[in-house]
Amino acid sequence: MTHRTVSGTRPGLPDDALAGVAAPSPDCPVEITLAALRGRWTTLVVCELLRRDTAAYGELASALPQLSDKTLTERLTQLVAAGAVHRTRTPGWPTTVTYTLTPRGRALGPVLQALWDWGELPAQPSAP
């Protein structure tokens, strides 16, 4: 992004020709990011994986005890499909499944921090 005094764009808007679209597009980087983080608990699963290099399914389940197994499985599957998490299944008995953030998944750390920071800002009443 260029500085607001250099470009004719408003501050905070990307310097991208596609940023002026009037409707959401599945190719939009913001929509892709929001789709990867959609659903309750997804951000907490990512945060837990950011704390560890690798986590077994049971470790994630223990770290997030209020999260049901069904939802944890759905969120991990969603994150794997988004390319944010790598799933490794080790054969044997018992089978071990571990999850690791990919570089794309690690890049979500600053995104989550920005969301946190924005959420801490006091809400301003809108003008009528």
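Side-chain contact between Thr102 and Val85 is absent, with no heavy atoms from C-beta onward closer than 4.5 Å. Counting heavy atoms from C-beta outward, His86 and Val80 have side chains that stay 4.5 Å or more apart.
Residues forming a side chain to side chain contact (heavy atoms under 4.5 Å, CB included) with Asp53 (at least two apart in sequence, or on another chain): Arg106. By the side chain to side chain contact (heavy atoms under 4.5 Å, CB included) test, Ala55 is found to be paired with Leu49, Arg52, Glu59, Leu60, residues two or more places apart in sequence or in another chain being considered. Partners of Arg51 under the salt bridge (Lys or Arg N to Asp or Glu O under 4.0 Å) rule, at least two apart in sequence or in another chain, are Glu48. Partners of Glu74 under the side-chain hydrogen bond (donor to acceptor under 3.5 Å, both in side chains) rule, at least two apart in sequence or in another chain, are Lys70. For Asp117, there are no salt bridge (Lys or Arg N to Asp or Glu O under 4.0 Å) partners two or more places apart in sequence or in a different chain. Qualifying side-chain hydrogen bond (donor to acceptor under 3.5 Å, both in side chains) partners for Gln124, counting only residues two or more places apart in sequence or in other chains: none. Partners of Thr100 according to the side-chain hydrogen bond (donor to acceptor under 3.5 Å, both in side chains) rule, which considers only residues two or more places apart in sequence or in another chain, are Thr54. Among residues two or more places apart in sequence or in another chain, the side chain to side chain contact (heavy atoms under 4.5 Å, CB included) test is passed with Thr71 by Trp41, Leu67, Ser68, Arg75. Scanning for side-chain hydrogen bond (donor to acceptor under 3.5 Å, both in side chains) contacts around Arg87 gives Tyr99, with sequence neighbours left out.
In this structure, Trp116 stands alone, with no Ile, Leu, Val, Met, Phe, Trp or Tyr side-chain heavy atom under 4.5 Å from its own, directly or through other members. Cluster partners of Val30, using a side-chain heavy-atom cutoff of under 4.5 Å among ILVMFWY residues and allowing indirect links, are Leu34. Chaining together hydrophobic side chains whose heavy atoms lie under 4.5 Å apart places Leu121 alongside Trp118.
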Q: Output, in order, the C-alpha distance, side-chain angles, deciding distance and verdict of side chain to side chain contact (heavy atoms under 4.5 Å, CB included) for Val111 and Thr33.
A: CA-CA 9 Å; Val111 172; Thr33 306; 4.2 Å; yes

**Q.** Intermediate values then yes/no, side chain to side chain contact (heavy atoms under 4.5 Å, CB included), Thr95 and Thr90
**A.** CA-CA 6 Å; Thr95 300; Thr90 307; 5.9 Å; no

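Scanning both residues, Leu112 and Cys47, for their nearest heavy atoms gives CD1-SG, 3.8 Å. What you find for Leu108 and Ala84 is that their closest heavy atoms are CD1-CB, 4.2 Å.
How far CG of Asp27 is from CD1 of Ile32: 6.5 Å, rounded to the nearest 0.5 Å.
Remark: the backbone N or O of Leu72 is not paired with any side-chain donor or acceptor of Tyr57 at under 3.5 angstrom. Here the side chain of Thr42 pairs a donor or acceptor atom with the backbone of Arg38 at under 3.5 angstrom.
The neighbour count for Glu120 CD, taken as heavy atoms of other residues, nucleotides or ligands under 6.0 Å away, is above 12.
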